[in-house]
Amino acid sequence: MLTSHRLLQQYWHDERYRREHVRVWYTDRGAPGDIYAADGADISLEPYYMTIRTGVKEKPVPYHRILLIAYDGVVMFENQKIQGLADRI
């Protein structure tokens, strides 16, 4: 099974995929339920974190805070520590 970081790298660098089809849910303290989602178009990948563009600012999010990754609405990665999250989103 791919890690969240490797899966995102595949979506970003493999010509068969389009980042616009990706949606990522991650832990965001202060958000409703401490979970927030970002679309692939608003994400850039760094070696140790992803950067989320939210309006006029950018927020670094470490890869270990990723909870779920979906491609075209299909869950492709679910954090093993948070089983069943896909059923609640």
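None of the values given here were measured: they were computed from a predicted structure.
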Step through the shown structure and confirm whether more than 12 heavy atoms of other residues, nucleotides or ligands are within 6.0 Å of OH on Y49. no
In terms of heavy-atom contacts, does CZ of R53 have more than 12 from other residues, nucleotides or ligands at under 6.0 Å? yes
Quick check: closest heavy atoms across L7 and F77, and the distance to 0.1 Å? CD2-CB, 3.7 Å
Determine, step by step, whether I43 and R19 satisfy the side chain to side chain contact (heavy atoms under 4.5 Å, CB included) criterion, reporting the C-alpha distance in whole Å, the side-chain angles of both residues, the deciding distance to 0.1 Å, and the verdict. CA-CA 9 Å; I43 299 171; R19 77 167 73 177; over 6 Å; no
Please state whether the rings of [X] and [Y] are parallel, tilted or perpendicular, taking 30° and 60° as the class boundaries.
X: Y36; Y: Y26; result: perpendicular
X: Y17; Y: Y71; result: perpendicular
X: H5; Y: Y63; result: parallel

Should I66 and L8 count as side-chain neighbours, where that means a heavy-atom distance under 4.5 Å? yes
Only one of T54, T51, D28 forms a side-chain hydrogen bond (donor to acceptor under 3.5 Å, both in side chains) with K59, so which one is it?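 Testing K59 for a side-chain hydrogen bond (donor to acceptor under 3.5 Å, both in side chains) against T54, T51, D28 leaves exactly one candidate, D28.
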Is there a path of hydrophobic side-chain contacts, each under 4.5 Å between heavy atoms of I, L, V, M, F, W or Y residues, that connects W12 with V74? yes
Donor-acceptor pair, distance only, cut-off 3.5 Å: does the side chain of [X] make one with the backbone of [Y]?
X: R23; Y: A70; value: no
X: N79; Y: R65; value: no
X: D14; Y: R16; value: yes

When rounded to the nearest 0.5 angstrom, what distance separates OG in S4 from CD in Q9? 10.0 Å
Output for pair (D39 CG, H21 NE2), nearest 0.5 Å, gives 11.0 Å
